[in-house]
Number of protein chains: 2
Amino acid sequence: MAEQTQFEELARQLSAVGVVKREVGRALPPDCPAGSAAVLTLLRRHGDMRMSKLAELLAVDMSVTSRHVAHVAAHGWIERHPDPADKRSRILCLTPEGLDELAELNRRTTRLLAERLADWTDDEVAQLIRLMTRLRTSFGDCRSSPVRLPTPASEENTRTPAST
Amino acid sequence: MAEQTQFEELARQLSAVGVVKREVGRALPPDCPAGSAAVLTLLRRHGDMRMSKLAELLAVDMSVTSRHVAHVAAHGWIERHPDPADKRSRILCLTPEGLDELAELNRRTTRLLAERLADWTDDEVAQLIRLMTRLRTSFGDCRSSPVRLPTPASEENTRTPAST
DNA sequence: TATTGTTATACTCTATAACTATA
DNA sequence: TATAGTTATAGAGTATAACAATA
């Protein structure tokens, strides 16, 4: 167990990391805010899914998820198919255009981070990733669990069907 | 230099850490949102200062700083004194009530983090703090530099005058 | 009756621009 | 003319509550 002073310091770090988030956000395309980017990223990582599952992965209320998804769908980056097993549900699927947008997102964020973290070693970045993942796990965020990564090579929309 | 895949993953971690920030935010007193908490914390850490200096430490626009400061001042947690050296400026000073509020903030955030991070070692927390600090440094955030910590024992408002 | 998803409303945080007062 | 700070406005993100459709 760590000391109290450490927890105060960690709270400050959490409060202050917003400046990095904002700068990464400013690097995104103008029509793709951070919420949309998160939707696209999670859909590629976890495959097709329902709204409720996406809300769980985003760790925000489903009403928030609904708005993000509506924005992403309006741009043609995803499609909402009816769920044959439950007519209340909608299955979210990335489109080829969504994959293109995702590639552009990754280009931009990767370029920015590579520039700013040019003097970081591979191991340091890995450690930061590991500790941030663990932090989210400790706060009960299901997104921190390992997931399958679909091969981004295929531009075809061959997502697996939603599991629930 | 780290690999591209790592940067994509780091971008995801930055996007996802919001869930932790939100939960810490929910632990704050209802009349003290995160922005106010940041103002109080920085004033204690760095001592009395002008608006422009606080905006730099917060790493947000001065208009944002002005609103946070107005909220904090309305609660009596700080006072805005005229700067004899420059009539345009205002020197921000923590009040005893502000120190009390700060103590309450620290109690709450510390309790939450101690609960959630109960299985973390002292060293792990220290490493996360170190890496997050370095991350902000790499993004040019001046707040990441080491600062003097005033003795929190005294409840008297004996801040040092602003340096600029 | 419970669950899935959407919409309306409100609040926080942020940035840009216009403005006042002073340097 | 430039700078310190405030205020108005707009936009993104979030949560709660009310709602519709379905289970």
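Predicted, not measured: the structure shown is a model, and the values here were computed from it. Chain A is the first sequence line, chain B the second, and so forth, proteins listed ahead of strands; every chain is numbered from 1.
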How close or far is atom P of D:dA4 from atom CE of B:Met49, stated in whole angstroms? 16 Å
In whole angstrom, give the distance that lies between atom CG of B:Leu28 and atom C1' of D:dT14. 15 Å
From D:dA4, C:dC13, C:dT7, nucleotide with atom closest to B:Pro33 side chain: C:dC13
Do the side chain of A:Thr65 and the main chain of A:Leu54 share a donor and acceptor less than 3.5 angstrom apart? no
Kindly say if B:Arg50 contacts the phosphate of D:dA4, meaning a side-chain N or O under 4.0 Å from OP1 or OP2. yes
Rounded to the nearest Å, what distance is computed from the CD1 atom of residue B:Ile78 to the P atom of nucleotide D:dG5? 12 Å
OP1 or OP2 of C:dT3 less than 4.0 angstrom from a side-chain nitrogen or oxygen of A:Ser52, does that happen here? no
Are B:His71 and C:dC13 close enough that a side-chain N or O sits under 4.0 Å from OP1 or OP2? no
What is the nucleic acid contact for B:Ala34, judged by heavy atoms within less than 4.0 Å: base, sugar-phosphate only, or nothing? sugar-phosphate
Are the side chains of A:Thr109 and B:Leu10 in touch, meaning some heavy atoms are under 4.5 Å apart? no
Please tell me which of B:Ala70 and B:Ser89 maps to the more 5' nucleotide of DNA chain D, matching each residue to the nucleotide holding its nearest heavy atom. B:Ser89
Going by ring-ring contact (aromatic ring centres under 6.0 Å, His included), name the pairs with one or both residues in residues 98-118 of chain A, residues two or more places apart or in two chains. none
Letter per nucleotide, 5' to 3', of nucleotides 15-23 of chain C [B base touched, S only sugar-phosphate touched, - untouched; heavy atoms, 4.0 Å]: BBB---BBS
Side-chain polar contacts of residues 85-94 of chain A - donor-acceptor pairs under 3.5 angstrom, sequence neighbours left out - could you list them?
residue, atom, partner, partner atom, Å
A:Asp86, OD1, A:Arg88, N, 3.0
A:Asp86, OD1, A:Arg88, NE, 3.2
A:Asp86, OD2, A:Arg88, NH2, 3.0
A:Ser89, OG, A:Arg50, NH1, 2.8

In whole Å, I'd like the distance from the CD1 atom of B:Ile91 to the P atom of D:dA4. 12 Å
Partners meeting side-chain hydrogen bond (donor to acceptor under 3.5 Å, both in side chains) with B:Arg130 (sequence neighbours left out): none
Salt bridge (charged side-chain N to carboxylate O under 4.0 Å, His left out) involving A:Arg107 - partner list, sequence neighbours excluded: A:Glu104
When rounded to whole Å, the CG to P distance for the pair A:Leu58 and D:dA15 reads 10 Å
A:Arg116: partners by side chain to side chain contact (heavy atoms under 4.5 Å, CB included), with sequence neighbours left out: A:Glu23, A:Leu112, B:Phe139
Rounded to the Å, how far apart are A:Arg90 CZ and D:dT22 C1'? 14 Å
Spacing of B:Asp31 atom CG relative to C:dT12 atom C1', expressed in whole Å: 15 Å
May I have the distance from A:Arg80 (atom CZ) to C:dT4 (atom P), rounded to whole angstrom? 17 Å
